[in-house]
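Presented below is the structure to which this report refers.
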2 protein chains.
Amino acid sequence: MDKVDWNQLRAFLETAETGSLSAAARKLGLTQPTLSRQVAAIERRLGVTLFERAGKSMVLTATGLDLLEHARSMGAAADALGMAATGRSQAVEGIVSVSASDMVATHLLPRLVRRIRQEVPGIAVEVIATNAISDLQRREADIAIRHVNPDRPDLIARLIRQASACFYASKDWVETYGHPRTADDAGSLPFVGADRAGRYLAYLHHHGLSLKEANFSCYAEDSVAHWGLVCQGLGIGAMMDEIAHETPGVVRVLDDVPPVQFPIWLVTHTELHTSRRIRVVFDMLAQGLAEGMPGNARGD
Amino acid sequence: MDKVDWNQLRAFLETAETGSLSAAARKLGLTQPTLSRQVAAIERRLGVTLFERAGKSMVLTATGLDLLEHARSMGAAADALGMAATGRSQAVEGIVSVSASDMVATHLLPRLVRRIRQEVPGIAVEVIATNAISDLQRREADIAIRHVNPDRPDLIARLIRQASACFYASKDWVETYGHPRTADDAGSLPFVGADRAGRYLAYLHHHGLSLKEANFSCYAEDSVAHWGLVCQGLGIGAMMDEIAHETPGVVRVLDDVPPVQFPIWLVTHTELHTSRRIRVVFDMLAQGLAEGMPGNARGD
DNA sequence: ATTAACCTATACATTTATGCATGGATAAAG
DNA sequence: CTTTATCCATGCATAAATGTATAGGTTAAT
């Protein structure tokens with residue numbers, strides 16, 4: 001009795017988790033026909049029907065759901081193995097992936113990545129710009145830059161410094177609407193929104209700004225686009241101070257609203273911290289982020 | 001960052017557990033060069049050294065030992081998945097592997113296998129003759145015939161009946177040495193041994209026979225060979241009664257020594273018992289083993 | 001209806017991995 | 001010391017996997 005093909009099991013796992021062969025193929029770096037054949041093969045091999053081909057997407061059968069549990073267990077073990085292996089790797093060459101908010105990734109990281117490349121040419125840094133919090137347990141990134149303390153025992157988190165953010169608008173905007181200084185001034189002025197679900201609005205309320213949806217002249221979930229709209233004079237927007245200072249044509253408004261303080265954390269997995277190359281990048285990022293932007297006096 | 005190949009992880013696991021590429025290749029149904037390349041590939045991929053090529057066999061490094069733990073976890077999950085899949089399979093065709101002592105496999109099983117083939121042609125029975133107790137958890141067999149109660153919660157064990165064994169010798173032997181009837185008579189007579197470690201000797205002591213190593217005229221670990229030596233007149237040997245009755249040219253000796261009673265258990269995994277084809281074989285084996293040998297009045 | 005955007009399954013060419021044969025090296029047995 | 005039996009690594013021909021291109025089907029929106 002020959003054993004099952006473990007790659008086919010992985011194909012089943014990804015297909016079940018993503019819900020489609022195409023998505024699984026993208027995630028595994030393979031093609032959809034390959035996944036189609038691998039899943040068909042594992043079904044023939046095991047003599048069970050894992051998915052119901054309902055035309056649209058493939059839906060798990062009861063048997064598939066039962067087996068998925070075990071496949072997930074395999075996947076978790078494989079992830080842990082990969083993590084431990086990377087941690088053991090003492091080579092100072094290879095890829096290190098860094099996850100950060102798109103704001104940080106766009107404005108802060110490039111300079112640091114350039115410095116890393118200069119000092120350690122063997123290391124290639126992969127920048128993952130996402131506002132979603134990457135799951136370091138599942139190895140979606142090697143290192144993450146976050147603004148909340150993850151506080152999990154299997155993660156190493158280092159507090160770099162506190163950063164501050166204020167409200168800004170373009171010079172054009174100020175010429176048109178004047179220069180509001182207090183929270184009360186803001187009630188009837190246009191802002192640039194971040195999401196239409198009201199999360200950003202709640203965030204502004206929390207900082208003393210009594211706004212309504214009507215205040216938003218436009219929306220941009222992506223913070224780079226968001227900042228671009230602010231620069232184009234479409235409304236007031238919040239921005240990290242050191243980035244705003246680097247941007248020509250914007251001025252601080254709502255000066256009486258106290259700056260928002262938020263921490264910068266550098267996070268990695270305990271396993272990965274034993275890896276030479278990841279430790280190198282971790283330390284260089286820590287140093288570089290602590291410095292703040294060039295031209296900015298001090299960050300903390 | 002593309003993921004690691006799960007088949008290569010399996011190659012690493014088997015190589016580490018068996019201790020050599022060749023043994024792993026045999027177990028996986030592959031060849032040694034393939035395993036050699038797969039292990040080399042996973043080492044390159046992970047950037048670590050898993051084995052120290054010490055010329056003879058490959059010995060795990062500290063890193064390898066660390067990663068082996070995770071690989072074992074994957075293997076356990078894969079086994080559980082395979083088990084659950086077989087249990088879910090409702091097809092009455094496929095392979096069912098049955099593990100039994102070589103004695104049972106040689107003398108009792110063939111007739112039953114023949115009957116199964118006649119009644120359910122879609123099922124192929126794989127007979128695994130081993131005196132080692134197969135690990136049903138690790139799926140070394142689907143069904144095992146044992147003579148001890150495994151008594152584990154995840155195994156299903158059905159007591160078929162009690163069987164008995166007595167001491168026998170060939171007619172030639174009796175003509176030469178006479179017909180011993182009591183345990184005391186046996187003290188100076190030749191026996192056929194089973195192992196040179198003294199286990200079989202201790203077993204005989206336990207049943208009242210005060211023998212020494214000098215009593216053994218020859219040894220055979222394999223019980224079929226053992227029985228063959230007895231039939232050739234080389235000494236006294238114990239044998240299951242119903243098999244002895246089928247063997248021409250042997251007679252019971254040491255008649256005053258009470259027969260050894262031992263149970264026949266049929267064991268399978270709870271997961272597998274939900275499989276149609278395994279249940280079919282299980283039930284037919286249970287029925288067939290309960291009947292005893294044809295020509296033998298009753299077994300229990 | 002009809003279009004567009006998904007998805008999956010199959011045919012064919014190509015890349016990739018596997019098996020076979022061989023050589024070298026080591027350890028145990030004669 | 002020689003022999004024998006294993007075991008691992010590598011070259012080469014073959015078999016097996018994968019990718020590309022394509023057809024067919026379903027859903028949702030125009």
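Naming convention: chains lettered A, B, ... in sequence-line order (proteins, then strands); numbering from 1 in each chain.
For B:Asp5 and D:dA17, the CG to P distance is 13 Å, given to the nearest whole Å. Between the CD atom of A:Gln8 and the P atom of D:dA16 there is a distance of 14 Å, given to the nearest Å. Between A:Glu52 atom CD and C:dA9 atom P there is a gap of 12 Å when expressed in whole angstrom units. Whole-Å rounding puts the A:Glu43 CD to C:dA9 P distance at 9 Å. A straight line from CG of B:Leu30 to C1' of D:dC8 spans 16 Å, rounded to a whole angstrom. One can place CZ of A:Phe51 at 13 Å from C1' of C:dT8, the figure rounded to the nearest angstrom. Distance, B:Leu35 CG to C:dA17 P: 15 Å, rounded to whole Å. Atom CG of A:Leu28 is separated from atom P of D:dA17 by 17 Å (rounded to the nearest Å).
A donor-acceptor contact under 3.5 Å is formed by the side chain of B:Gln32 with the base of D:dA9.
Among the nucleotides C:dC7, D:dT18, D:dA21, the one closest to the side chain of A:Ser22 is C:dC7. Set against D:dC7, C:dA11, D:dC8, the side chain of B:Arg26 has D:dC7 as its closest nucleotide. Picking from C:dC7, D:dC7, C:dG19 the nucleotide with the shortest atom distance to the side chain of B:Thr31 gives C:dG19. Closest to the side chain of A:Pro33, from the set D:dT10, C:dT18, C:dA9, is C:dA9. Side chain of A:Met58, nearest nucleotide from C:dC12, D:dA9, C:dT8: C:dT8.
A salt bridge between B:Arg53 and B:Glu43 is present, with a side-chain N of the basic residue lying under 4.0 Å from a carboxylate O of the acidic one. Using a 4.0 Å cut-off between charged nitrogen and carboxylate oxygen, B:Glu17 and B:Arg72 count as a salt-bridge pair.
Taking side-chain N and O atoms only, A:Thr34 has a distance below 4.0 Å to OP1 or OP2 of D:dG19. In this model, the phosphate group of D:dC8 is not approached by any side-chain N or O of B:Ser36 to a distance below 4.0 Å at OP1 or OP2. Taking 4.0 angstrom as the limit, A:Arg37 places none of its side-chain polar atoms (N or O) nearer than this to OP1 or OP2 of D:dT18.
Remark: side-chain polar atoms of B:His273 are not paired, donor with acceptor, to backbone N or O of B:Thr268 under 3.5 angstrom.
The neighbour count for B:Gln232 CD, taken as heavy atoms of other residues, nucleotides or ligands under 6.0 Å away, does not exceed 12.
A donor atom on one side chain and an acceptor atom on the other are found under 3.5 Å apart for B:Thr34 and B:Thr31.
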